[in-house]
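Below you'll find the structure, written out as structure tokens, and then a few comments.
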Amino acid sequence: MNKNTISRGEIWYVKFEPQVGNEIRKIRPAIVVDADFGQLVGQVVPITAWQDRLCILPYMVKIQNFESLGLSKPSTANCSQIKSCAIERFIEKIGIVDDAFLFEIHQATVRIWSPLYTLNHN
């Protein structure tokens, strides 16, 4: 897999170690949320296992049809853990989300900064 072709919306296994404090850790899937990049760093939102208690958290975006995206279990995008990752942390591409879901992730990320912010979908 050519890591120079990492694109927005793709789901990759990413190595989040070493971790500090409550940061997300281990190798796990993550969604690329920044513009398509040829640079050496990309912005990702980690994916974690879905639990029903997470539905009240505005920064968690439940992933529907998880199996068709290459995920093995019900999952959620944890937008509170958005992270910059060096290209060397990207291990393997496993799927891609559509633009509508990517917009949901962007909306959830904006809500972290302020519940008054909104994005317009063009």
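Everything quoted here is computed from the prediction, not taken from an experiment.
In this structure, the separation between CE on Met60 and SG on Cys55 is 11.0 Å, given to the nearest 0.5 Å. We find the SG-CG distance between Cys85 and Asp34 to be 10.0 Å, quoted to the nearest 0.5 Å. Rounding to the nearest 0.5 Å places NZ of Lys93 at 14.5 Å from OH of Tyr13. Note that CD of Glu92 and CD1 of Ile27 are 10.5 Å apart. Values are rounded to the nearest 0.5 Å. Thr48 contributes atom OG1, which lies 9.5 Å from atom CD1 of Ile63 (distance to the nearest 0.5 angstrom).
Within a 6.0 Å sphere centred on CG of Asp98, heavy atoms belonging to other residues, nucleotides or ligands number more than 12.
Judged purely by atom type and a 3.5 angstrom limit, Glu10 uses its side chain to pair as donor or acceptor with the backbone of Ser7. Remark: side-chain polar atoms of Arg8 are not paired, donor with acceptor, to backbone N or O of Val32 under 3.5 angstrom. Panel note: side chain His106, backbone Phe101; no donor-acceptor pair is recorded below 3.5 Å. When atom types are taken as modelled, the side chain of Arg111 and the backbone of Tyr59 share no donor-acceptor pair closer than 3.5 angstrom. Judged by distance alone, the side chain of Glu17 and the main-chain N or O of Lys26 form a donor-acceptor pair under 3.5 Å. Looking at Thr76, its side chain does come within 3.5 Å of a backbone N or O of Val61 through a donor-acceptor pair. In this structure, the side chain of Ser75 engages the main chain of Lys73 through a donor-acceptor pair within 3.5 Å.
Residues Phe90 and Ile6 meet the side-chain proximity criterion, which asks for heavy atoms closer than 4.5 Å. Counting heavy atoms from C-beta on, the side chains of Ile11 and Val97 come closer than 4.5 Å. The closest side-chain heavy-atom distance from Ile47 to Asn78 is not below 4.5 Å. Taking the side chain as every heavy atom from C-beta outward, Val14 and Arg28 never approach each other to under 4.5 Å. Side-chain contact between Leu71 and Ile94: present, with at least one pair of heavy atoms (C-beta onward) separated by less than 4.5 Å.
Grouping the Ile, Leu, Val, Met, Phe, Trp and Tyr side chains by contacts below 4.5 angstrom, directly or via other members, places Ile105 apart from Ile96.
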**Request:** Using the side-chain contact (heavy atoms from CB on, under 4.5 Å) rule, take Val33 and Val44 through it: C-alpha gap first, then chi angles, then the decisive distance, then the call.
**Result:** CA-CA 5 Å; Val33 294; Val44 299; 5.8 Å; no

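Listed here is the closest heavy atom pair of Cys79 and Ile112: O-CD1, 3.1 Å.
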